[in-house]
Engineer: 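Dropping the structure in here first, questions after.
Both counts, for ligands and for their atoms, begin at 1 and track the order of listing. Just so it is clear, the model here is predicted, and its values are computed rather than measured. The first residue in the sequence is number 1, and the count goes up from there.
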Amino acid sequence: MDLDGIDAIGRTAFEVALLRAAEDRRPDRLFADPCARLFLEAAGITEEKPDFTALMGPQVAVRTRFLDDALLSGGVRQVVLVASGMDGRPWRLDWPYGTEVFEIDQAPVLRFKDTAASSLTARCVRRPVVADLRSDWTGSLRAAGFRPGRPTAWLTEGLLYALDEAAADGLLATITGLSAAGSTLAFDHVEASAALYAAIGPDLARLWRPGPVEPARWLTRHGWEPDVSELADIAAKYGRRIHPAYDPAAGGTARAWLGQAVLLGQER
Ligand SMILES: C[S@@+](CC[C@H](N)C(=O)[O-])C[C@H]1O[C@@H](n2cnc3c(N)ncnc32)[C@H](O)[C@@H]1O
């Protein structure tokens with residue numbers, strides 16, 4: 001299968017898959033993700049990038065495991081993976097019976113994924129939703145069967161740092177408007193330094209934006225109660241060393257967070 005029609009931001013999903021496939025091969029892996037290898041094989045991607053893997057591999061491994069646990073923790077049966085890319089969670093997580101997992105992404109990305117995963121059986125009711133997050137995507141999500149009255153577990157992973165502050169605000173306002181009280185939002189976010197951008201490489205760095213300045217304050221402003229941790233602290237809990245660029249104790253200047261927030265009661 002070729003990647004025709006998948007734009008630069010869409011192709012970043014395969015960079016994440018490379019890192020998850022590398023984690024899957026480790027004897028001490030934090031999660032299993034056979035889908036990542038399958039997606040890479042379907043795309044004909046074999047290239048390893050040692051510098052990129054050293055920098056981003058532990059970050060993605062730790063965030064994936066943390067967000068797996070966050071998504072399953074509440075037993076919520078309506079889940080939305082916002083900008084799902086090559087996320088293998090519909091096939092690899094042990095979802096409660098009857099869970100509906102909506103995957104929002106661009107048409108070429110979802111087309112590729114649907115074809116590549118056609119031999120797999122999802123462990124949930126999987127509902128792909130073609131949408132551009134820069135325009136109104138609520139109609140597409142509802143048309144796919146999403147019910148705003150039900151508590152929802154949202155995921156924004158590998159996304160917030162591709163949005164500027166206004167776009168991130170708009171996204172969260174939309175998510176909030178679609179969420180019943182008690183809904184959750186699991187996320188990662190990175191505030192990178194110039195050195196980190198340089199190490200990531202110009203192609204990827206070009207896609208990064210400053211994003212929400214500080215996630216806890218940002219979420220509180222939108223009516224969510226956040227529980228935010230530093231990536232370095234979660235990594236230490238898992239016994240995994242992260243790249244020094246992300247580790248304040250090692251003098252790292254990039255800040256990285258993982259968290260989950262709960263929507264407080266609101267007038268609807
Ligand atoms: C870095 S990947 C992350 C994928 C996934 N969340 C993960 O962590 O594996 C970013 C994804 O965001 C999607 N994306 C970026 N901008 C988008 C937009 N405006 N509308 C829909 N999807 C978008 C891309 O197509 C890509 O799949």
Engineer: Give the atoms of ligand 1, by number and element, whose distance to some non-hydrogen atom of Ala13 is under 4.0 Å.
Structural biologist: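 Within the 4.0 Å cut-off of Ala13, ligand 1 contributes 2 (S), 27 (O).
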Engineer: Using only heavy-atom distances, determine whether the side chains of Ser183 and Trp154 contain a donor-acceptor pair under 3.5 Å.
Structural biologist: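 Result is no, nothing qualifies.
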Engineer: For ligand 1, is any non-hydrogen atom under 4.0 Å from Ala17's backbone (N, CA, C, O), its side chain (CB onward), both, or neither?
Structural biologist: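 Contact part for Ala17 vs ligand 1: neither.
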Engineer: Below 4.0 Å, non-hydrogen atoms only: which portion of Glu103 touches ligand 1? Side chain, backbone, both or neither.
Structural biologist: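 Looking at Glu103 and ligand 1, no heavy atom falls under 4.0 Å.
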Engineer: With only distance considered, is Thr12 within less than 3.5 Å of ligand 1 through an N or O on each side?
Structural biologist: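 Among all N and O atoms of Thr12, none is under 3.5 Å from an N or O of ligand 1.
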Engineer: Ala162: heavy atom below 4.0 Å from ligand 1, yes or no?
Structural biologist: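 Contact check Ala162 vs ligand 1: negative.
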Engineer: Mind running side chain to side chain contact (heavy atoms under 4.5 Å, CB included) on Met86 and Val16 for me, showing each step along the way?
Structural biologist: CA-CA 8 Å; Met86 295 301 121; Val16 184; over 6 Å; no
Engineer: Checking the N or O distance criterion of under 3.5 Å, is ligand 1 in contact with Leu133?
Structural biologist: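 Min N/O separation from ligand 1 is below 3.5 Å for Leu133.
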Engineer: Closest non-hydrogen protein atom to atom 27 (O) of ligand 1, residue and atom name please, with distance?
Structural biologist: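 Looking only at protein heavy atoms, the one closest to atom 27 (O) of ligand 1 is Asp105 OD2, 2.7 Å.
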Engineer: List every atom of ligand 1 that sits less than 4.0 Å from any heavy atom of Gly158, numbering the atoms from 1 in the order shown and giving each element.
Structural biologist: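 Reading through ligand 1 atom by atom, the close ones are 1 (C), 3 (C), 10 (C).
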Engineer: With a cut-off of 4.0 Å, which atoms of ligand 1 are near a heavy atom of Gly10?
Structural biologist: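 The list of qualifying atoms is 24 (C), 25 (O).
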Engineer: Thinking salt bridges, do Arg255 and Glu214 make one under a 4.0 Å N-O criterion?
Structural biologist: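 Salt bridge between Arg255 and Glu214, a charged N being under 4.0 Å from a carboxylate O: no.
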Engineer: Relative to the heavy atoms of Ala131, which atoms of ligand 1 are at a distance of less than 4.0 Å?
Structural biologist: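 The list of qualifying atoms is 20 (N), 21 (C).
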Engineer: Closer than 4.0 angstrom: is that true for some heavy atom of Arg134 and an atom of ligand 1?
Structural biologist: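 Distance cut 4.0 Å: Arg134 passes for ligand 1.
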Engineer: Which protein heavy atom lies closest to atom 14 (N) of ligand 1, and at what distance to 0.1 Å?
Structural biologist: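 Checking every protein heavy atom, the shortest distance to atom 14 (N) of ligand 1 gives Ala83 CB, 4.0 Å.
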Engineer: Taking 4.0 Å as the limit for heavy-atom contacts, which would you say applies to Val109 with ligand 1: side chain only, backbone only, both, or neither?
Structural biologist: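 The side chain, only.
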Engineer: Is the closest basic N to carboxylate O distance between Arg92 and Asp68 below 4.0 Å?
Structural biologist: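 So Arg92 pairs with Asp68 through a salt bridge.
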Engineer: Using the rule side-chain contact (heavy atoms from CB on, under 4.5 Å), only one of Val82, Thr152, Thr156 pairs with Leu185; which is it?
Structural biologist: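 So the option named by the test is Thr156.
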Engineer: Out of Arg20, Glu15, Lys113, Arg89, who gets a non-hydrogen atom closest to atom 9 (O) of ligand 1?
Structural biologist: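 Checking each option, the heavy atom nearest atom 9 (O) of ligand 1 is found in Arg20.
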Engineer: Any N or O on Val82 sitting closer than 3.5 Å to an N or O of ligand 1?
Structural biologist: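 No, since none of the N or O atoms of Val82 sits under 3.5 Å from an N or O of ligand 1.
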Engineer: Between Trp218 and His222, what is the shortest heavy-atom contact and its length?
Structural biologist: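 Heavy-atom minimum between the residues: O-CD2, 3.2 Å.
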Engineer: Among Arg240, Arg65, Arg29, Arg37, exactly one meets salt bridge (charged side-chain N to carboxylate O under 4.0 Å, His left out) together with Glu23. Which residue is that?
Structural biologist: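 Output: one option passes, namely Arg240.
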